[in-house]
Amino acid sequence: MTTARRFIGKDCVVTGAGSGIGRAVALRLAAEGGRVAVLDINADSARETLDMCGADHKGFAAVMDVRSETSIAAAAGQVAKAFGGVDVLVNNAGIEIQGTIEETGPEIWDEIMAVNLRGPYLCSRIFLPQLLARTEATGGAAVVHNASLMGQVSSPRLAAYCASKAGVISLTRSMALDFATKNLRVNCVCPGIIHTSMLERRFALEPDRAEAYRRTSQRPPVHYIGNPEDVAAAIAYLAADESRFVTGSALTIDGGVGAA
Ligand SMILES: NC(=O)c1ccc[n+]([C@@H]2O[C@H](COP(=O)([O-])OP(=O)(O)OC[C@H]3O[C@@H](n4cnc5c(N)ncnc54)[C@H](O)[C@@H]3O)[C@@H](O)[C@H]2O)c1
């Protein structure tokens, strides 16, 4: 548990905050004093995350689908009303559907791109005025995208997912350059194997879950699977003022997998 309080007075938005890494990020920012808009396509899980932030937490939970401009604009309106601006935007929502390009029809390709790549673009674009208003008022704001190690290297039967995450890393660099002089920093994290429901869904496709877990745990050189809090700690660093000289970077959090 952290004792740092880097987000006191900061207003934060986290997408896909109802589960896994997004939930851990929301809890971390709240634990460090931030006010968090907990946004997810799933209303119940967003509410659950908000409740976990504690009874005295001043944030709110709302339904938002990152595939929909209308839905994002509605959530941005709620954020503007409740917070009056945004210091930290974490574009975390993402989906994984496995397949080679032969197995991935255009509808699946488009769905993965809509959530994983168009989502971060749209959310950044729609929340941009609120982020820029804050940079003018306070001297800095930060966007952190959740990309993936799979955007830096590749893996069999993950064609669309890997392409979408490589796109997120590229988007990070472009946004970092375009807004550097406006004091809006833009970075991404590239997690490796992290124990969330996304990974459990992958295990569910295996004949022997326990054996799949054991095998997967041995893949990182550290010989264990990361947890959502490992990624949340890195996202909090990139979102905090102490990383003020860091922009356009892709921080790998993978127990050494990508080093091999
Ligand atoms: N788990 C891993 O091993 C791993 C590794 C690298 C990167 N990532 C990335 O981390 C992010 C979070 O993944 P996770 O592992 O926590 O998965 P998860 O499935 O536990 O959480 C994803 C969350 O996103 C929400 N979501 C899905 N579609 C949405 C939409 N259209 N609009 C808004 N919210 C939506 C879900 O409801 C869920 O709460 C994803 O971008 C994923 O690609 C995960």
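Numbering of ligands and ligand atoms starts at 1, following listing order.
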Engineer: Nearest non-hydrogen contact with atom 21 (O) of ligand 1 belongs to which option: S19, G20, A17?
Structural biologist: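 Looking at heavy atoms only, the winner is S19.
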Engineer: Take every heavy atom of S45, measure it against each atom of ligand 1, and state whether any distance is under 4.0 Å.
Structural biologist: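 Flag not set, S45 not near ligand 1.
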Engineer: Counting each atom of ligand 1 from 1 as listed, which ones have a heavy atom of P191 under 4.0 Å away?
Structural biologist: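 Close to P191: 5 (C), 6 (C), 7 (C).
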Engineer: Could you tell me whether some N/O pair between I95 and ligand 1 is separated by less than 3.5 angstrom?
Structural biologist: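 Min N/O separation from ligand 1 is not below 3.5 Å for I95.
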Engineer: Among all protein heavy atoms, pick the one closest to atom 19 (O) of ligand 1 and tell me residue, atom and distance.
Structural biologist: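 Here the nearest protein heavy atom works out to R201 NH2, 2.8 Å.
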Engineer: Could you tell me whether ligand 1 has any atom less than 4.0 Å away from a heavy atom of C190?
Structural biologist: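 C190: no contact with ligand 1 (<4.0 Å).
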Engineer: N116 side chain to G94 main-chain N or O, any donor-acceptor pair under 3.5 Å?
Structural biologist: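 Pair absent, no side-chain N/O of N116 close to backbone of G94.
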Engineer: Distance-only, no hydrogens or angles: does the S249 side chain make a donor-acceptor pair with backbone N or O of V246 under 3.5 Å?
Structural biologist: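 Not confirmed, S249 side chain does not pair with V246 backbone.
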Engineer: List ligand 1 atoms under 4.0 Å from S197, heavy atoms only on the residue side.
Structural biologist: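 Near S197, the atoms of ligand 1 are 18 (P), 19 (O), 20 (O).
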Engineer: Could you state the interatomic distance from CZ (R118) to CZ (R67), rounded to the nearest 0.5 Å?
Structural biologist: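 Result: 10.5 Å between the selected atoms.
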Engineer: In Å, rounded to the nearest 0.5 Å, how long is the span from CD of E103 to CD1 of I97?
Structural biologist: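 It is 12.5 Å, given to the nearest 0.5 Å.
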Engineer: Side chains of N91 and S124 only: does a donor on one sit below 3.5 Å from an acceptor on the other?
Structural biologist: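 Short answer, yes.
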Engineer: Main chain of A163, side chain of K165: is a donor-acceptor contact present, judged purely on distance under 3.5 Å?
Structural biologist: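 Between the backbone of A163 and the side chain of K165 there is no qualifying donor-acceptor contact (under 3.5 Å).
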Engineer: Say whether, by atom type as modelled, one donor and one acceptor occur between the side chain of S217 and the main chain of Y224 under 3.5 angstrom.
Structural biologist: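 Looks like no, no N/O pair under 3.5 Å.
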Engineer: What is the closest protein heavy atom to atom 31 (N) of ligand 1, and at what distance does it sit?
Structural biologist: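 I find the closest protein heavy atom is D65 OD1, 2.9 Å.
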Engineer: Under 4.5 Å between side-chain heavy atoms, counting indirect links through other Ile/Leu/Val/Met/Phe/Trp/Tyr residues: same cluster for F179 and L171 or not?
Structural biologist: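 Cluster IDs for F179 and L171 match.
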Engineer: Among protein heavy atoms, which sits nearest to atom 29 (C) of ligand 1, and what does the distance come to when rounded to 0.1 Å?
Structural biologist: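 Answer for atom 29 (C) of ligand 1: I41 CG2, 3.8 Å.
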Engineer: Checking a contact table here: which protein heavy atom is nearest atom 3 (O) of ligand 1, and how many Å away?
Structural biologist: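 Ranking protein heavy atoms by distance from atom 3 (O) of ligand 1, first comes I194 N, 2.9 Å.
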Engineer: Contact between K165 and ligand 1, counting heavy atoms under 4.0 Å?
Structural biologist: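 Judged by the 4.0 Å heavy-atom criterion, K165 does count as contacting ligand 1.
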Engineer: If you draw a 6.0 Å radius around CG in L177, do more than 12 non-hydrogen atoms from other residues or ligands fall strictly inside?
Structural biologist: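 Atom CG in L177 is crowded, with more than 12 foreign heavy atoms closer than 6.0 Å.
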Engineer: With distance as the sole test, does T247 use its side chain to make a donor-acceptor pair with the main-chain N or O of R185 at under 3.5 Å?
Structural biologist: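 Not at all, since once roles are kept as given, no pair shorter than 3.5 Å links the two residues.
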Engineer: Which ligand 1 atoms does I21 reach within 4.0 Å, using its non-hydrogen atoms?
Structural biologist: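 Near I21, the atoms of ligand 1 are 10 (O), 16 (O), 44 (C).
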Engineer: Is it the case that the side chain of D230 and the backbone of N227 share a donor-acceptor pair, with hydrogens and angles ignored and the cut-off at 3.5 Å?
Structural biologist: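 Yes; at least one donor-acceptor contact below 3.5 Å.
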Engineer: Looking at Q152 and G258, would you say the former's side chain and the latter's main chain have a donor-acceptor pair under 3.5 Å?
Structural biologist: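 No, the answer is negative, given that no donor and acceptor are paired below the 3.5 Å cut-off.
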Engineer: Which atoms of ligand 1 sit under 4.0 Å from any heavy atom of S148?
Structural biologist: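 Answer for ligand 1: 6 (C), 7 (C).
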Engineer: Using a 4.0 Å heavy-atom cut-off, say whether N92 meets ligand 1 through its side chain, its backbone, both or neither.
Structural biologist: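 Both parts.
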Engineer: For atom 7 (C) of ligand 1, what's the nearest protein heavy atom and its distance?
Structural biologist: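 It is A147 O, 3.3 Å.
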Engineer: So which heavy atom in the protein is nearest atom 38 (C) of ligand 1, and how far is it from that ligand atom?
Structural biologist: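 I find the closest protein heavy atom is D40 OD2, 3.6 Å.
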Engineer: What do you reckon, does V115 have a nitrogen or oxygen under 3.5 Å from a nitrogen or oxygen of ligand 1?
Structural biologist: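 No; every N/O pair is 3.5 Å or more apart.
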Engineer: Can you report which non-hydrogen protein atom sits closest to atom 22 (C) of ligand 1, along with the distance?
Structural biologist: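 Checking every protein heavy atom, the shortest distance to atom 22 (C) of ligand 1 gives G94 O, 4.0 Å.
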Engineer: What part of L199 sits under 4.0 Å from ligand 1 if we count only heavy atoms: the side chain, the backbone, both or neither?
Structural biologist: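 L199 to ligand 1: no contact under 4.0 Å from either part.
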Engineer: Within a distance under 4.0 Å of any heavy atom of N146, pick out the atoms of ligand 1 and give their elements.
Structural biologist: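 That gives atoms 9 (C), 10 (O), 11 (C), 41 (O) of ligand 1.
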Engineer: Taking only heavy atoms of M64, which atoms of ligand 1 are found under 4.0 Å from at least one of them?
Structural biologist: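 Near M64, meaning under 4.0 Å from one of its heavy atoms, ligand 1 has 32 (N), 33 (C).
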Engineer: Identify the protein heavy atom lying closest to atom 13 (O) of ligand 1, giving its residue, its atom name and the separation to 0.1 Å.
Structural biologist: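 For atom 13 (O) of ligand 1, the nearest protein heavy atom comes out as M198 CE, 3.8 Å.
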Engineer: Return a table of donor-acceptor pairs under 3.5 angstrom between the side chains of residues 19-42 and protein atoms on other chains or two or more places apart.
Structural biologist:
from : atom 1 : to  : atom 2 : distance (Å)
R23  : NE     : T49 : OG1    : 2.8
R23  : NH1    : E48 : OE2    : 3.4
R23  : NH2    : G18 : O      : 3.0
R23  : NH2    : S45 : O      : 3.3
R23  : NH2    : E48 : OE2    : 3.2
R23  : NH2    : T49 : OG1    : 3.3
R28  : NE     : E32 : OE2    : 2.9
R28  : NH2    : E32 : OE2    : 3.2
E32  : OE1    : R6  : N      : 3.0
E32  : OE1    : R6  : NE     : 2.9
E32  : OE2    : R6  : NH2    : 2.8
R35  : NE     : D11 : OD1    : 2.7
R35  : NH2    : D11 : OD1    : 3.2
R35  : NH2    : D11 : OD2    : 3.3
D40  : OD1    : N42 : N      : 2.9
D40  : OD2    : A17 : N      : 3.3
D40  : OD2    : G18 : N      : 2.8
N42  : OD1    : D44 : N      : 3.0
N42  : OD1    : S45 : N      : 3.0
N42  : OD1    : S45 : OG     : 3.4

